[in-house]
Amino acid sequence: MWDGIVLTDSEERVLRAIRIVDPRIERIAAVERNSYRDSPARGGFKVRLAGTDLPLPIGSLGDGTWRLLAMAIALSRAGTGVLLIDEIDTGLHYTVMEKMWELIKQTAEELEIQVFATTHSSDCVSSLASICRADVTDGSDVTIQRIEPEREDAVRFTEAEISVAADRHIEVR
């Protein structure tokens, strides 16, 4: 998927995404795996950090960087379709989740992508509330759909309801 992004406008989107975790990232490159230390499951990516002379394996920056790299690439390649992200908060520290949601919302609007994400994290839901507009009544861009086994339809929360729930610590997961 990276080959379809490199040297396009989407490459900058991917860089912005991984800079959420580490703002020192200047560049990213796919590299050939050539040692037993390179993870075969994750391929070979290296990054260059500001103030350093040598590139580093992206894995040395932690799982959050990998997670945001994968999300940004998937968003960029989703076309005008649908993107499903299971456990969106996995590997991410709660302090970067608000910026992650901003990136997803902005990219989804820009590229006309509908994103469905799952989470069990109240921190993730609270971070989502930070990008919600409290004054929205109809036509919310962002919703939470809680699935309850005994109900035929999901319980829907609008942007305004998500904001209120976060402010009052009401459980919506």
Side-chain angles (χ1 to χ4, degrees), residues 1-33 35-50 52 54-132 141-147 162 166 172-173:
M1 291 179 79
W2 176 252
D3 290 346
I5 290 173
V6 70
L7 301 177
T8 69
D9 293 342
S10 294
E11 184 175 3
E12 184 55 37
R13 181 179 301 111
V14 171
L15 280 169
R16 280 193 319 266
I18 61 175
R19 285 179 185 141
I20 290 171
V21 175
D22 193 330
R24 301 172 300 161
I25 297 171
E26 292 181 336
R27 295 175 56 199
I28 183 171
V31 294
E32 187 176 332
R33 290 182 299 229
S35 78
Y36 67 92
R37 291 182 301 240
D38 291 335
S39 170
R42 290 192 171 162
F45 279 92
K46 290 191 177 186
V47 293
R48 176 148 183 187
L49 302 180
T52 62
L54 298 174
L56 299 170
I58 197 169
S60 67
L61 300 179
D63 284 342
T65 308
W66 270 114
R67 186 68 168 171
L68 284 172
L69 174 65
M71 273 191 251
I73 291 172
L75 276 164
S76 296
R77 300 293 293 163
T80 57
V82 173
L83 180 63
L84 308 174
I85 306 172
D86 190 31
E87 296 296 337
I88 194 164
D89 52 283
T90 299
L92 298 176
H93 195 265
Y94 74 95
T95 58
V96 300
M97 286 185 202
E98 183 176 335
K99 289 182 181 176
M100 174 213 51
W101 283 121
E102 289 171 359
L103 171 85
I104 289 173
K105 186 173 190 286
Q106 176 186 9
T107 305
E109 287 173 352
E110 181 182 321
L111 301 179
E112 299 180 22
I113 302 167
Q114 190 172 14
V115 177
F116 293 88
T118 65
T119 188
H120 291 95
S121 165
S122 59
D123 287 333
C124 191
V125 172
S126 293
S127 298
L128 176 64
S130 69
I131 68 159
C132 290
D141 291 335
V142 176
T143 65
I144 289 179
Q145 305 286 326
R146 184 175 66 207
I147 299 171
I162 295 166
V172 295
R173 297 175 291 149

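No hydrogens, no waters, no symmetry mates; every other heavy atom, side chains included, goes into these values.
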Inset, instruction - List the atom of Ile5, the atom of Ser10, and the distance in Å for their closest heavy-atom pair. - result: CG2-C, 3.7 Å

Inset, instruction - Indicate yes or no: at least one non-hydrogen side-chain atom of Asp89 is less than 4.5 angstrom from one of Asp123. - result: no

Would you list the atom pairs, donor with acceptor, under 3.5 Å between side chains in residues 91-100 and any protein atom, with sequence neighbours excluded?
{"unit_1": "His93", "atom_1": "ND1", "unit_2": "Thr95", "atom_2": "N", "d": "3.3"}
{"unit_1": "His93", "atom_1": "ND1", "unit_2": "Thr95", "atom_2": "OG1", "d": "2.8"}

Inset, instruction - With sequence neighbours left out, write down each residue that passes ring pair (Phe, Tyr, Trp, His ring centres under 6.0 Å) with Trp2, or none if nothing qualifies. - result: Phe45

Legend entry - Test item: Ile104 and Ile88 side chains (from C-beta on) under 4.5 Å apart, heavy atoms: yes

Inset, instruction - Find the distance between CG (Leu69) and CE (Met1) and round it off to the nearest 0.5 Å. - result: 10.5 Å

Inset, instruction - Please tell me if the side chains of Val172 and Ile162 come closer than 4.5 Å, counting only heavy atoms from C-beta onward. - result: no

Legend entry - Distance (rounded to the nearest 0.5 Å) between Ile18 CD1 and Leu103 CG: 11.5 Å

Inset, instruction - In plain terms, say whether Arg19 and Glu12 are close enough for a salt bridge, that is, a side-chain N and a carboxylate O under 4.0 Å apart. - result: yes

Inset, instruction - Return the minimal non-hydrogen interatomic distance between Leu83 and Ala74, and the atom names on each side. - result: CD1-CB, 3.8 Å

Inset, instruction - Let me know which of Thr65, Leu68, Ile25 forms a side chain to side chain contact (heavy atoms under 4.5 Å, CB included) with Ile20. - result: Leu68

Legend entry - Main-chain N/O of Ala129 paired with Trp101 side-chain donor or acceptor, under 3.5 Å: no

Inset, instruction - To the nearest 0.5 Å, tell me how far Leu75 CG sits from Ile113 CD1. - result: 5.0 Å

Inset, instruction - Drop me the distance from Glu110's CD to Glu112's CD, to the nearest 0.5 angstrom. - result: 10.5 Å

Inset, instruction - Answer whether the closest heavy-atom distance between the side chains of Val115 and Thr107 falls below 4.5 Å. - result: no

Inset, instruction - May I ask you to test the Val21-Leu61 pair for a side-chain heavy-atom distance under 4.5 Å? - result: no

Inset, instruction - Give a yes or no on whether the backbone of Glu87 and the side-chain of Thr118 come within a donor-acceptor separation of less than 3.5 Å. - result: yes

Legend entry - Any donor-acceptor N/O pair, Arg67 side chain to Met71 backbone, under 3.5 Å: no

Legend entry - Gln106 CD to Arg13 CZ distance, which is reported to the nearest 0.5 Å: 8.0 Å

Legend entry - Other residues, nucleotides, ligands: >12 heavy atoms within 6.0 Å of Arg27 CZ: no

